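The sequence lines fix the lettering, A, B, ..., with proteins before strands; numbering per chain opens at 1. Atoms considered below: every heavy atom in the structure, side chains included; atoms not considered: hydrogens, waters and symmetry mates. Every value quoted in this text rests on a predicted model; they were computed, and no experiment measured them.
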Number of protein chains: 2
Amino acid sequence: MSGISNLSCNNEVERGPQPHIELRVVVFTLHQDHLQTLLSPSDPAIFPNCWEFPNFPVLPGQALEQTAESCLKELLNVPELYLEQLFTYSGPKRHPTQSLISVVYFALSPLDSHPLEERKASLLWQPANTPPPLAMDHDEILSYALRRLRYKLEYSAVGFELLPETFTLSELQKTYEMILGETLDKRNFRRRILQGGIIEPTEDYRSGEGRPARLYRYRPDAVAEVKARRLFP
Amino acid sequence: MSGISNLSCNNEVERGPQPHIELRVVVFTLHQDHLQTLLSPSDPAIFPNCWEFPNFPVLPGQALEQTAESCLKELLNVPELYLEQLFTYSGPKRHPTQSLISVVYFALSPLDSHPLEERKASLLWQPANTPPPLAMDHDEILSYALRRLRYKLEYSAVGFELLPETFTLSELQKTYEMILGETLDKRNFRRRILQGGIIEPTEDYRSGEGRPARLYRYRPDAVAEVKARRLFP
DNA sequence: TCAAAAGTGTTCACGATACACCCATGG
DNA sequence: CCATGGGTGTATCGTGAACACTTTTGA
């Protein structure tokens, strides 16, 4: 403990051992036109037929964010991914037998990530909007992560993190529509994203059923945050 | 530990005992026309002449947010205050002798809060924009808390949390100007805040040097969140 | 030549901004 | 009666939203 001792507090609440800390990660990806999240089966003795978000070790010599990032990259076989802190959950009712503090991170994995390694076969991508039963408060965590994803999509460029390096404007628009759950106007979508300087065209085209579509690339140097509309002038 | 064991991770990082968890709170208030934050002197043997954010006990029987709320209410003698989670800081370099995880909350205390009790005399309100030297990474925590405050001010009604129950429009405007660090147009400010239905007039006036000013009250039922300008239509 | 997806501009409405004077009170 | 802060309306501009047709390719 650094500095002065804890400030006293007259709460009549049981003291006792420190709660256990754990590190969890909510990862989203797009797969088969659906938003998916990575889940791990729960211990059937405690939470039968339930799933939970992946649990990584809390290492004293490493920041939680670093641990989450390197474990995830190894697990998913991707060189880069988007990662940020989601929330820290605490409270006595979260687990039946122990006091538990969960520091939860939020990650996005690009569409072309390799399938999971065999030795991690217990982990499965599951549909994020219709997940299987989740243990503890992980349903609450999932809905908060989905809210965060939708919200971030509206004011930042986070959507590109779910796509491969190059993509067509239609693919990008479909990604946004899938996550936001609404359809967008094609011309307005294109105008805004192109004027924003967030993506740049490549020289390549992708041939599909109709006319080939130009491929674009995300510009990582772009200033992607849009300032919120201020409540006051 | 619930469910399956931690997913392994090939990081070659030292294992060891779990890091220590602590609970800290950044509180802001307005005092003498300045934004102030509550600080506690650090242990001089470790951080001489430094200050740090108040440290509350981590109780296994209570959610961190509840502990922070009840401790702060007791400390500041206020019946209500605004509280939300700020961030969880972790990493090996945060403290000279131990691995430390700090779950930090963000609070706003109304202007008319009573002075601190005598027994807490070591705690002091200090200017938030020109603070004394801070221990560990608490300068980084402070600047993030200030950023959060300014940002929240722009898209939510959080400014009222720093004022007493009734206030004049000029007081409210000065609060916003003080925190945002810029001057605002009086007519536009009034129009927007009144049209937003965020406050309602009382029957009272406050007499000052010039014409008495109508007192207003925050409407807690108001929908205070302003939707951000969406990056895409 | 037809189906299927890509690509492209303009108009309209609303909200944000800038801006200057009269009003009520206390000393 | 005057100094001090309280209170009020309008004109302009920029941004968001709605909307339909032409182009290119492969089958």
*Asks:* Return the value, rounded to whole Å, for the distance between atom CD1 of A/I193 and atom C1' of C/dT8.
*Replies:*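 Answer to the nearest Å: 16 Å.
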*Asks:* Tell me every residue that passes side chain to side chain donor-acceptor pair (under 3.5 Å) with B/R187, counting only those two or more places apart in sequence or in another chain.
*Replies:*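 With neighbours one apart ignored, the set is empty.
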*Asks:* In whole angstrom, give the distance that lies between atom CG of B/L194 and atom P of D/dG6.
*Replies:*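 Computing the B/L194:CG to D/dG6:P distance gives 14 Å.
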*Asks:* Classify the side-chain pair A/S42/A/E52 by whether it contains a donor and acceptor separated by less than 3.5 Å.
*Replies:*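 There is such a pair (donor and acceptor under 3.5 Å, judged by atom type) between the side chains of A/S42 and A/E52.
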*Asks:* Does a nitrogen or oxygen in the side chain of A/S170 sit under 4.0 Å from OP1 or OP2 of C/dA6?
*Replies:*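 Indeed, a polar side-chain atom of A/S170 lies that close.
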*Asks:* In whole angstrom, what separates B/F189's CZ from D/dT8's C1'?
*Replies:*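 That distance rounds to 16 Å.
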*Asks:* Could you tell me the separation between the CZ atom of B/R214 and the P atom of C/dT25, rounded to a whole number of Å?
*Replies:*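 So the CZ-P distance, B/R214 to C/dT25, works out to 12 Å.
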*Asks:* Go through the structure and list residues passing side-chain contact (heavy atoms from CB on, under 4.5 Å) with A/Q36, not counting sequence neighbours.
*Replies:*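 Expected list: A/T29, A/H31, A/H34, A/W125, A/P127.
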*Asks:* How close or far is atom P of C/dT17 from atom CD of B/Q195, stated in whole angstroms?
*Replies:*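 After rounding, the reported distance stands at 13 Å.
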*Asks:* Whole-Å distance between C/dG26 P and B/R206 CZ?
*Replies:*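 Atom CZ in B/R206 sits about 15 Å away from atom P in C/dG26.
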*Asks:* Residues in ring-ring contact (aromatic ring centres under 6.0 Å, His included) with B/F53, at least two apart?
*Replies:*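 For B/F53, the residues satisfying ring-ring contact (aromatic ring centres under 6.0 Å, His included) (neighbours in sequence not counted) are B/H138.
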*Asks:* Please classify the nucleic acid contact of A/R190 as base, sugar-phosphate, or nothing, using heavy-atom distances under 4.0 Å.
*Replies:*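 It contacts base atoms.
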*Asks:* Using whole Å, report how far CZ of A/F167 lies from P of C/dA5.
*Replies:*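 My rounded result for the distance is 20 Å.
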*Asks:* For A/T88, check side chain to side chain donor-acceptor pair (under 3.5 Å) against everything at least two apart and list the hits.
*Replies:*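 A/T88 satisfies side chain to side chain donor-acceptor pair (under 3.5 Å) with B/T88 only.
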*Asks:* Using whole Å, what does the distance between atom P of nucleotide D/dG6 and atom CG of B/D204 come to?
*Replies:*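 Distance, rounded to whole Å: 17 Å.
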*Asks:* Would you mind building the protein contact string for nucleotides 18-27 of chain D? One character per nucleotide, 5' to 3', B for base within reach (heavy atoms under 4.0 Å), S for sugar-phosphate only, - for untouched.
*Replies:* BBB--BBS--
*Asks:* Does anything in residues 136-149 of chain B pair up under salt bridge (Lys or Arg N to Asp or Glu O under 4.0 Å), and if so which pairs, sequence neighbours excluded?
*Replies:*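 Only B/E84-B/R148, B/R94-B/D137 qualify under salt bridge (Lys or Arg N to Asp or Glu O under 4.0 Å).
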*Asks:* Classify B/T168 by what it touches in the nucleic acid, base, sugar-phosphate, or nothing, heavy-atom distance under 4.0 Å.
*Replies:*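 Here B/T168 touches no strand at all.
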